[in-house]
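Structure record follows, encoded as structure tokens.
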Amino acid sequence: MANIPGITYRCKADADWTMLYMSSGIDSLSGYPASDFIDNQLRSYASVIYPDDRERVSLAVAEAIALKQSWLLQYRMLHKDGHICWVEERGRAEFDDQGQLSFLDGLILDISEEKRLKRQLITLTSQLPGVVYQYQHWPDGRTAFPYASPAIQKIYGVTPEQVKEDASLVFSKLYAEDLPALIASIEQSGRDLTIWQHEYRVYREGGTLAWLSGRALPEKMPDGSILWHGYIQDITETKQYYLQLELANRELELVRERLNTASENALIGFWQANLETGDLWWSPVIYQIFGFDEANTQPSAALFKSTVHPDDWRLIKQSEKMALETGIHDVVHRIIRPDGSIRWVHELARMSPAENKQHVFIGSVQDVTERVQLQQLKDEFISTVSHELRTPLTSIKGALGLLNSGTLGEAPQSMSQLLQVAHSNSERLSQLINDLLDIEKLVAGKMRFDLHAVEVNAELEYALHNLQPYANQYSVELQLQPITPELSITADKFRLQQVITNLVSNAIKFSGKNSIVKVAATRQADQIRIEIQDSGIGIASEFQPRIFERFAQADGSSSRQSGGTGLGLAICKELVEQMGGIIGFSSVLHQGSVFFFMLPIHPESI
């Protein structure tokens, strides 16, 4: 008896449970020797039962005796030093041949550690968002949840006690359409003893549906039942996100199909390039544009470079350089296909927001060969017309100037007004023809440039001095910001004045009365940046991509307030680029614009 764990005892069936025998295990549990309890000499066993549990224990034992059944009880015991421990008692009553109660025999075990672990388990499982459970299925079809953490109420709307003996209440909560698949998954897991994992829906209060995800490990029990140990969690929010993502993916796929169709019809391909890593991706249409075999071609920067026409590399480099500052890459150039044919393409890209300090461009490529050819035909036609008009127009303008000068005598007042209108319009027509001839020379590469050191400060002062009368007409103040003296650039002096004059006059023309146009020049590495800032009407975003196109005007109506041919900015772009520089702008509608161009610094300045 001494070797049996715990306490064994025999006591009389009297009111005091007078002990006839008690093993030495009582020493460690109560702190008192077994001899204290024999015949209740110093104390009774009831005295070491925790006061709050004594009545419950007494009633349970009395009920078991009355029914002639054994009892199984858990209660607390009070140690001599004041600490409390948990015990489990198993006992039964002994009856004589006449059925009279003789003795009570029992075994008491220390379950304090079990209780502590159970409390820890309950504490841990109560912190989980889902339910930790055991689900048991017997061969006769009975089901139950022998154990379930309190979270089962949140998951299924039932308490652990309600389903401890019968799980049917849980199954009544399941969404009917999901029930067959759920039962089939449980049966297969039990049959193969493989992990059960499933997603299904349950009804919540108010009739709403919630998504659950469960996973459990099955175990074959001695009585033939299967016991699953698992975890179930609410995945409604995640599932909704997933379903929304699935819907978005279907919509995205539809949009992608439409985009691919439009891309193929318009011969526009799309690409993405990482300037740091060199990674390049492009859409299938680009293979068609460049004449590549899609099955045997891997997109790469080297492959693209191999197609560029040698004479157009300068244009691409200039555009890429400007793109690092403005975020926009916009260039039209030629490519040479593998079969030797030459095509014109238009590259347009925008830099995406910097991630990990990497420059990534996302853009498009369009085959514009037909458009360029039509433009060339138009340019040839305009050039021919311009040359044919120049000689007679010079004669007409000269004759009108002579009549207006009074050399041939004073003309009547009514005729004089008509002559002045005719002379003014002939001047405008002459300027248009000159602009047309300039742009023709620039595009054809026939304009000569005398590049040498040009002092920036002097040229800006000269340009602003000449434009001051024009600024006075619009009540605009011209301000030249302080510039480092003796700062020089490599440029053609006459063409530089043409660019500055055009940009400043535009700023004056589009600024309001009593406003200020600021002109500044700063050094940036091996280049000088000259910028003209106004506080005028700004440029609409939809027009900005066309700002440097020929004949492009934001207000194309016949009643526009500001005159012009629409060639000025196109000429400026060609002049700056052919002097080895870049030109660009930034603008906010109704707040103003900043136009700038950058030219190489002269070696003497360095």
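Keep in mind that what you see is a predicted model, and the values were worked out from it rather than measured. One-based numbering along the sequence shown.
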Inset, instruction - Starting from the C-alpha separation in whole Å, work towards a yes-or-no answer on side chain to side chain donor-acceptor pair (under 3.5 Å) for Thr369 and Arg343. - result: CA-CA 6 Å; Thr369 305; Arg343 305 292 292 180; 3.2 Å; yes
Just do the side chain to side chain contact (heavy atoms under 4.5 Å, CB included) check on Val365 and Ile268 with the steps written out, would you?
CA-CA 6 Å; Val365 173; Ile268 300 177; over 6 Å; no
Next item on the list: Tell me, with the steps shown, if Asp330 and His346 meet side chain to side chain donor-acceptor pair (under 3.5 Å).
Entry: CA-CA 7 Å; Asp330 188 358; His346 180 199; 2.7 Å; yes
message = Test side chain to side chain donor-acceptor pair (under 3.5 Å) on Glu542 and Gln544; report intermediate values, then the result.
response = CA-CA 6 Å; Glu542 61 270 17; Gln544 290 184 13; over 6 Å; no
- Show your working on side chain to side chain contact (heavy atoms under 4.5 Å, CB included) between Phe595 and Val504 and close with a plain yes or no. CA-CA 9 Å; Phe595 277 83; Val504 175; over 6 Å; no
Q: Please lay out, stage by stage, how Glu199 and Lys239 fare under the test salt bridge (Lys or Arg N to Asp or Glu O under 4.0 Å).
A: CA-CA 10 Å; Glu199 291 182 2; Lys239 194 72 175 181; 2.8 Å; yes
Checking Ile362 against Arg350 for the side chain to side chain contact (heavy atoms under 4.5 Å, CB included) test, could you report, in this order, the C-alpha distance in whole Å, the side-chain angles of both residues, the deciding distance, and whether it holds?
CA-CA 6 Å; Ile362 300 174; Arg350 185 179 297 273; over 6 Å; no
**Item:** Derivation of the side chain to side chain contact (heavy atoms under 4.5 Å, CB included) call for Glu253 and Asn249
**Value:** CA-CA 6 Å; Glu253 188 62 32; Asn249 284 336; over 6 Å; no
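Asp367 approaches Arg337 most closely through the heavy-atom pair OD2-NH2, 4.1 Å. Between Ile286 and Gly269, the closest heavy-atom pair is CG1-CA, 3.6 Å. Contact between Ala463 and Ile500 at its shortest, heavy atoms only, is CB-CG2, 3.6 Å. Of all heavy-atom pairs spanning Val476 and Gln468, the tightest one is O-NE2, 4.4 Å. When all heavy atoms of Leu460 and Ala521 are compared, the pair lying nearest together is CD1-CB, 4.2 Å. Considering all non-hydrogen atoms of both residues, Val332 and Leu315 come closest at O-CD1, 3.9 Å.
Salt-bridge annotation for Arg546 and Glu549: present, with a side-chain N of the basic residue lying under 4.0 Å from a carboxylate O of the acidic one. Using a cut-off of 4.0 Å between Lys/Arg side-chain N and Asp/Glu carboxylate O, Arg204 and Asp234 are scored as salt-bridged.
Met351 is not listed as a side-chain neighbour of Val360, based on a closest heavy-atom distance of 4.5 Å or more. Between Ile539 and Ile547, some side-chain heavy-atom pair lies under the 4.5 Å cut-off. Residues Lys305 and Trp313 meet the side-chain proximity criterion, which asks for heavy atoms closer than 4.5 Å. Using a 4.5 Å cut-off on side-chain heavy atoms (C-beta onward), Ser511 and Ile537 make no contact. Here the side chains of Thr490 and Pro603 are in contact, with some heavy-atom distance below 4.5 Å. In this structure the side chain of Ile601 never reaches within 4.5 angstrom of the side chain of Gln527, judged on heavy atoms. Arg201 has its side chain within reach of Trp211: a pair of non-hydrogen atoms, C-beta onward, lies under 4.5 Å apart. Residues Asp311 and Arg334 are in side-chain contact: their nearest non-hydrogen atoms beyond the backbone lie under 4.5 Å apart.
For CD of Glu294, the number of neighbouring non-hydrogen atoms (other residues, nucleotides, ligands) closer than 6.0 Å is greater than 12. The number of heavy atoms from other shown groups lying within 6.0 Å of OH (Tyr462) does not exceed 12.
Between Trp344 atom CH2 and Asp312 atom CG the span is 5.5 Å, to the nearest 0.5 Å. In this structure, CZ in Phe270 is found 8.5 Å from CH2 in Trp281, a value given to the nearest 0.5 Å. Here the CZ atom belonging to Phe548 is positioned 13.0 Å from the CD1 atom belonging to Ile571, to the nearest 0.5 angstrom. Rounded to the nearest 0.5 Å, atoms CD1 (Ile508) and OG (Ser475) are 11.5 Å apart. A distance of 8.0 Å separates CG of Leu478 from CG of Asn472, quoted to the nearest 0.5 Å. Here CZ of Phe597 is found 6.0 Å from CD1 of Ile489. Values are rounded to the nearest 0.5 Å.
The closest side-chain donor-acceptor pair between Gln498 and Asn502, if any, does not fall under 3.5 angstrom. Between the side chains of Asp492 and His452, no donor-acceptor pair is found at a separation under 3.5 Å. For the residue pair His329 / Glu320, no side-chain donor-acceptor distance below 3.5 Å is found, with atom types taken as modelled.
With Ile583 as the partner, the side-chain contact (heavy atoms from CB on, under 4.5 Å) test is satisfied by one option alone out of Leu599, Leu569, Ile530, Val576: Val576.
Sorted by first and then second residue, the ring pair (Phe, Tyr, Trp, His ring centres under 6.0 Å) pairs with a member in residues 468-492 read Tyr470-Tyr474; sequence neighbours excluded. Among residue pairs with one or both ends in residues 586-601, those qualifying as side-chain hydrogen bond (donor to acceptor under 3.5 Å, both in side chains) are Ser587-Ser593; sequence neighbours excluded.
Stacking of Arg529 on the aromatic ring of Phe596 is recorded, both the 6.0 Å distance cut-off and the 45° axial limit being met.
Classification of the Trp282-Phe290 ring pair by plane angle, with boundaries at 30° and 60°, yields parallel.
With sequence neighbours left out, Gln244 forms a side-chain hydrogen bond (donor to acceptor under 3.5 Å, both in side chains) with no residue at all.
Side chain of Ser319 to backbone of Ile316: no donor-acceptor contact under 3.5 angstrom is found.
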